[in-house]
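Not measured: the values here are computed from a predicted model.
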Amino acid sequence: MSKISLSVILPAHNEAENIKATVQSCVSYLESNVSDYEVIVVNDGSSDDTKKIVKELSSINSKVILVNHEINKGYGSALRSGFDEAKRDYIFFMDSDGQFDIQDLDRLLPLASIDKVVIGYREDRADSFVRSLNAWMYGRYIYLMFGLNVKDMDCAFKIFPTKAYQNIRPIKSGGALFTAEFLIKLKRTGFSFKEVPVRHFPRQFGTQSGANFNVILRMFRESWKLRNELRSS
C-alpha cells in the first residue's frame with residue numbers, strides 16, 4: 001500500500017448514469033492501495049440526479065465529498081473548485097464518465113514526487129475520428145501559442161503535489177483551457193512532466209460536450225487572455 005495522501009477530484013456534469021460506479025470503483029481502489037484519501041465530486045450544475053446520488057454516497061462514506069455548483073460553470077471551474085477543496089498532499093483527477101479505470105493509477109503512483117506532474121496519455125483513444133482530430137489540433141495550437149508540448153493535453157488522468165497547485169493560483173481559465181494553463185504555469189516554475197500511457201474506454205452513458213462550439217470559443221478567448229498575462233508577468 002502506498003503511503004501517499006491523496007485527494008481524488010471527479011468533475012461531473014449530468015453523469016447520473018456513471019457517477020455511482022465511478023465513485024465506488026475509486027473508493028474500492030483507494031481503500032486497498034492508498035493510506036489516506038478523499039474523493040471530491042464536483043457537481044457542475046447537473047440537471048439530472050448527479051447531485052442526489054453523490055449526496056447518498058457521501059452519507060455512507062464521509063470520505064466522499066460533494067462540492068456543488070448550482071449552475072454549470074465549465075470543466076475548468078469544476079476542477080478549480082475540486083482543487084481548492086483538496087486537503088491531502090497530492091491531487092489526482094479523473095473524469096466521471098467511465099472512460100478511465102482507476103486501476104491505472106498503479107502506473108502513476110510510483111512516479112509521483114514533490115517536483116513532478118505525472119500525466120496520463122490515452123494509449124488507444126476510444127473516441128471518434130473527429131473528436132481525436134480536434135484534440136490533436138488543440139494540442140498543436142497550445143504548442144504554437146505557449147511552447148507546451150505534451151502527448152495528450154487534456155487526458156483527465158494526472159497526479160501532482162497539492163502545493164504545486166497552491167503555489168501557482170489563481171488558474172483563471174474556467175473552461176477547456178484550464179489544464180493547459182495549469183501545465184504552462186507549472187512548467188514556468190520548474191516542474192518536470194512524466195508522461196505515462198493509460199487505457200481509455202468508450203463512453204457507455206451520457207453525452208460528451210467538449211466539441212461544443214461555445215466551449216471552443218471560450219477556449220480561444222481564454223488562451224489570448226493567458227498569453228497577454230504571461231507576456232506581462
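- Applying side-chain contact (heavy atoms from CB on, under 4.5 Å) to Ser81 and the options Val42, Ile9, Ile40 leaves one that passes, Val42.
- Residue Glu181 comes nearest to Pro170 through the heavy atom pair OE2-O, 3.9 Å, listed as atom of the first residue, atom of the second, then distance.
- No more than 12 heavy-atom neighbours from other residues, nucleotides or ligands sit within 6.0 angstrom of OH on Tyr143.
- Atom NZ of Lys63 has more than 12 heavy atoms from other residues, nucleotides or ligands within 6.0 Å.
- Atom CG of Asn228 has more than 12 heavy atoms from other residues, nucleotides or ligands within 6.0 Å.
- A continuous path of Ile, Leu, Val, Met, Phe, Trp and Tyr side chains, each step under 4.5 Å between heavy atoms, connects Leu230 with Phe191, placing both in one hydrophobic cluster.
- With rounding to the nearest 0.5 Å, the separation of OG in Ser35 from CD1 in Ile4 is 8.5 Å.
- Heavy-atom neighbours of Ile114 CD1 from other residues, nucleotides or ligands within 6.0 Å: at or below the threshold of 12.
- Summarising the geometry of Ala12 relative to Ser96, their closest heavy-atom pair is CB-OG, 3.8 Å, with the distance given to 0.1 Å.
- Ring orientation note: the planes of His200 and Phe100 are tilted relative to one another, at an angle of 30° to 60°.
- With hydrogens and angles ignored, the 3.5 Å screen pairs no side-chain donor or acceptor of Lys151 with any backbone N or O of Gly120.
- Considering all non-hydrogen atoms of both residues, Ser47 and Asn14 come closest at N-OD1, 2.7 Å.
- Surrounding NZ of Lys116 are more than 12 heavy atoms belonging to other residues, nucleotides or ligands, all under 6.0 Å away.
- Between Glu229 and Lys185 there is a salt bridge, since a side-chain N of the basic residue sits under 4.0 Å from a carboxylate O of the acidic one.
- Less than 6.0 angstrom separates the ring centroid of Phe83 from the ring centroid of Phe93.
- At a threshold of 4.0 Å, the pair Asp44-Lys73 does not count as salt-bridged, since none of the basic side-chain nitrogens sits closer than that to a carboxylate oxygen.
- Among all heavy-atom pairs drawn from Cys26 and Met94, the shortest one is SG-CE, 3.7 Å.
- Between Arg169 and Asp84 there is a salt bridge, since at least one side-chain N of the basic residue sits less than 4.0 Å from a carboxylate O of the acidic one.
- Pairing each heavy atom of Pro197 with each of Arg107, the nearest pair is O-NH1, 2.7 Å.
- When ring centroids are compared, Tyr121 and Phe157 stay outside the 6.0 Å threshold.
- The shortest side-chain heavy-atom distance between Val196 and Leu111 falls under the 4.5 Å cut-off.
- Closest heavy-atom contact between Ala112 and Tyr90: CB-CE2, 4.0 Å.
- The pair Glu222-Lys172 does not meet the salt-bridge criterion, since no charged nitrogen lies less than 4.0 angstrom from a carboxylate oxygen.
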